[in-house]
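Here's the structure we're looking at; comments come further down.
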2 protein chains.
Amino acid sequence: MRIGQLARSVGVDTQTIRFYEREGLLPPPDRQDNGYRIYTERHVERLAFIRRCRILELSLAEIHELQRYQGAPHQPCRAINTLLDDHIAQVRSQITDLQVLEKQLVSLRASCNDDREIEACGVLDGLSEGSMQ
Amino acid sequence: MRIGQLARSVGVDTQTIRFYEREGLLPPPDRQDNGYRIYTERHVERLAFIRRCRILELSLAEIHELQRYQGAPHQPCRAINTLLDDHIAQVRSQITDLQVLEKQLVSLRASCNDDREIEACGVLDGLSEGSMQ
DNA sequence: TTAAAACCATATAGCCACTATAAGGTCAAT
DNA sequence: ATTGACCTTATAGTGGCTATATGGTTTTAA
């Protein structure tokens, strides 16, 4: 199949496919005489794997690492679990950071109501004063 | 004061200050005969304002908008409150997205324990199979 | 048969908010 | 005279794409 069909069947842009190839995440496929890339079922699976990882917000570097593990099927899989644990920890810390942020924003917002003049705006005042920390 | 002192007093890199100037967030200061930038107390306040906004993860575009409002002190401040409300909504949606993500990751992680071979790794399997959605 | 539409190719720039590097000028102290 | 700390500009890199420009190829419809 050609790049457009691969793109449609996995749900990505053709540009993204070429980008993954350049980044070494997708093996370079054979070419037709006219230079068009020809993909196989393996490429579909490989691309779908990448996409599933990306949905989970794994970085391209982490995906690369996972692909290396796939090449050594008889190694212990602890490193994979560790990679995932680290990623989960990262997501959790992002969540708590954002929750702190949300509280700060809500408290700032509470310092104003609509229908004031900008001069008297509690929000702008909160941002201008060093009272924020 | 020169750029280094401004940077130290607000806690940013000198590069960042020049970057804000290029982006139009910080007004271009006067220069000494040798070309060095000379800053005033106003610049300190202005830079600190930017930094407080950035801590709250407001974008440079949003900060720009806030600065425009500061120039019109007798306009109603509703637009400012709306800007903040939108930002809060955005942060909240990021949080819920990340919470969904965390659940998916934890459930994937639960499909494996350490001490398997990569071939049998539940995590890698979950990523390879289309069972994820 | 020809012309348009749809597809493919490469190369390059843009997004965001910086951060890093290179290459050099200025100034005070030793 | 030289070291070191400071300043200057210009340019490239980060991540993961996405957009644009420019041009070749194939398919489809008039």
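Chain identifiers are assigned alphabetically (A, B, ...) following the order of the sequence lines, protein sequences preceding nucleic acid strands; residue numbering begins at 1 within each chain.
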Quick one: is dC7(D) close enough that its OP1 or OP2 comes under 4.0 Å of any side-chain N or O from Arg37(B)? no
Base of dT25(D), side chain of Gln32(A) - is there a donor-acceptor contact under 3.5 Å? no
Rounded to whole Å, the CD1-C1' distance (Ile55(A) to dG16(D)) equals 15 Å
Quick check on dC18(C): is either OP1 or OP2 less than 4.0 Å from any side-chain nitrogen or oxygen of Tyr20(B)? yes
Distance, rounded to the nearest Å, where Leu60(A) contributes CG and dG13(D) contributes C1': 16 Å
Which heavy-atom pair separates Gly122(B) from Leu108(B) by the least distance, and what is that distance? O-CD1, 4.3 Å
Would you say the base of dT9(D) and the side-chain of Gln15(B) have a donor-acceptor pair closer than 3.5 Å? no
Hey, does Arg18(A) reach any base, or is it just sugar-phosphate, or nothing, if we go heavy atoms under 4.0 Å? base
Within this structure, what is the CD1-to-P distance between Ile17(B) and dT9(D), rounded to whole angstrom? 13 Å
Write down the distance between CD (Glu21(B)) and P (dA17(C)), rounded to a whole number of angstrom. 18 Å
Between CD1 of Ile38(A) and C1' of dC7(C) the distance, given in whole Å, is 15 Å
Arg22(A) CZ to dA13(C) C1', straight-line distance once rounded to whole Å: 12 Å
Of the listed nucleotides dC17(D), dG16(D), dA17(C), the one nearest the side chain of Ser59(A): dG16(D)
Nearest whole Å is fine: how far is dT26(D) P from Asp33(A) CG? 9 Å
Residues in side chain to side chain contact (heavy atoms under 4.5 Å, CB included) contact with Asp114(B), at least two apart in sequence or another chain: Arg78(A), Asn81(A), Arg109(B)
So, does Thr16(B) get its side chain near the phosphate of dT19(C), meaning an N or O under 4.0 Å from OP1 or OP2? yes
Electrostatic pair Arg37(B)-Glu21(B), nearest N-O below 4.0 angstrom: yes
Please report the distance, rounded to the nearest Å, between CD in Gln94(B) and P in dC16(C). 15 Å
From the list dT26(D), dA17(C), dC6(D), which nucleotide is the closest neighbour of the side chain of Tyr36(B)? dC6(D)
dC7(D) OP1/OP2 closer than 4.0 Å to side-chain N/O of Asn34(B): no
To check you understand the geometry: which heavy-atom pair defines the closest contact between Ala7(B) and Thr14(B), and what is its length? CB-CG2, 3.8 Å
Toward the 5' end of DNA chain C, which comes first, Phe19(B) or Arg2(B), by nearest nucleotide? Phe19(B)
Sugar-phosphate only, base, or nothing, as touched by Arg31(A) at under 4.0 Å among non-hydrogen atoms: sugar-phosphate
Mind checking Arg54(A) for me? I need base, sugar-phosphate or nothing, with any heavy atom below 4.0 Å counting as a touch. sugar-phosphate
For a side-chain hydrogen bond (donor to acceptor under 3.5 Å, both in side chains) with Tyr20(B), tell me which candidate from Arg51(B), Gln15(B), Arg46(B), Arg54(B) qualifies. Arg51(B)
